[in-house]
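I have placed the structure first, in the form of structure tokens, so that the comments after it can refer back to it.
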Amino acid sequence: MAKPIPKKGSRKNGRIGSRKHTRKIPKGIIHVQASFNNTIVTVTDVRGRVISWSSAGTCGFKGTRRGTPFAAQTAAGNAIRTVADQGMQRAEVMIKGPGLGRDAALRAIRRSGILLNFIRDVTPMPHNGCRSPKKRRV
């Protein structure tokens with residue numbers, strides 16, 4: 001019986017996700033999503049492929065401490081440390097959300113030494129779209 005031809009990306013013929021060399025990325029986009037409960041920092045290349053990410057939860061903060069500015073600062077530092085090693089010099093920053101970690105994450109990004117082309121607030125704002133939920137009675 002003839003042997004089946006292995007597929008190009010099958011596990012049998014080696015390398016699936018690991019790379020032999022890391023890409024050199026001169027320019028990227030840093031997305032900061034700051035909610036009241038957590039802050040997520042994602043670093044992508046210009047095409048939108050994720051290079052590195054971090055959040056306050058993955059940095060070891062639990063519960064209500066995830067929404068603090070210090071947790072956001074730590075998360076931003078962790079995400080940027082890996083891309084700085086890959087040679088990123090310029091970046092654009094997109095900030096989304098109303099959380100406390102917005103300014104702290106931006107401060108950590110500025111301190112990292114990466115030149116920022118622009119900082120854009122991309123928080124979604126409704127133009128009187130859906131009806132909001134009724135107010136809580138406490």
Inset, instruction - Kindly write out the residues that satisfy side chain to side chain contact (heavy atoms under 4.5 Å, CB included) with Arg136, not counting sequence neighbours, or none if the list is empty. - result: Val138
Legend entry - Joint cluster assignment, Met88 & Leu116, ILVMFWY side-chain distance < 4.5 Å: yes
Legend entry - Worked check of side-chain contact (heavy atoms from CB on, under 4.5 Å) between Leu106 and Val32: CA-CA 8 Å; Leu106 183 60; Val32 179; over 6 Å; no
Inset, instruction - Report yes or no: does Thr123 contribute a side-chain atom to a donor-acceptor pair with the main-chain N or O of Gly97 at less than 3.5 Å? - result: yes
Inset, instruction - Compare every heavy atom of His31 with every heavy atom of Thr44, then report the nearest pair and how far apart it is. - result: OG1-NE2, 3.6 Å
Inset, instruction - Kindly work out whether a path of hydrophobic side-chain contacts (I/L/V/M/F/W/Y, heavy atoms less than 4.5 Å apart) joins Ile51 to Ile80. - result: yes
Inset, instruction - Could I get the full list of side chain to side chain contact (heavy atoms under 4.5 Å, CB included) partners for Ser35, not counting sequence neighbours? - result: Asn37, Asn38
Legend entry - Value rounded to 0.5 Å, distance of CD1 in Ile109 from CD1 in Ile114: 8.0 Å
Inset, instruction - With sequence neighbours excluded, tell me which residues meet side chain to side chain donor-acceptor pair (under 3.5 Å) with Ser52. - result: Thr82
Inset, instruction - First locate atom NZ of Lys24, then atom CD of Gln86, and finally report the distance between them rounded to the nearest 0.5 Å. - result: 8.0 Å
Legend entry - Rounded distance [0.5 Å steps], CD1 in Ile29 versus CG in Asp45: 7.5 Å
Legend entry - Pairwise salt bridge (charged side-chain N to carboxylate O under 4.0 Å, His left out) hits with a residue in residues 95-122, at least two apart: Arg102-Asp121
What pairs of donor and acceptor atoms, side-chain ones from residues 59-77 against any protein atom, are under 3.5 angstrom apart with sequence neighbours left out?
from: Thr68; atom 1: OG1; to: Arg65; atom 2: O; distance (Å): 2.7
from: Thr68; atom 1: OG1; to: Ala71; atom 2: N; distance (Å): 3.4
from: Thr74; atom 1: OG1; to: Phe70; atom 2: O; distance (Å): 2.8

Legend entry - Nearest-0.5 Å distance, CG of residue Asn117 to CD of residue Glu92: 5.5 Å
Legend entry - From Ile95 atom CD1 to Ile30 atom CD1, the distance as rounded to the nearest 0.5 Å: 10.0 Å
Inset, instruction - Kindly determine whether Ile25 and Val83 satisfy side-chain contact (heavy atoms from CB on, under 4.5 Å), including the steps that lead there. - result: CA-CA 8 Å; Ile25 302 133; Val83 293; 5.9 Å; no
Inset, instruction - Could you note down all residue pairs passing salt bridge (charged side-chain N to carboxylate O under 4.0 Å, His left out) where residues 75-89 supplies at least one of them, sequence neighbours left out? - result: none
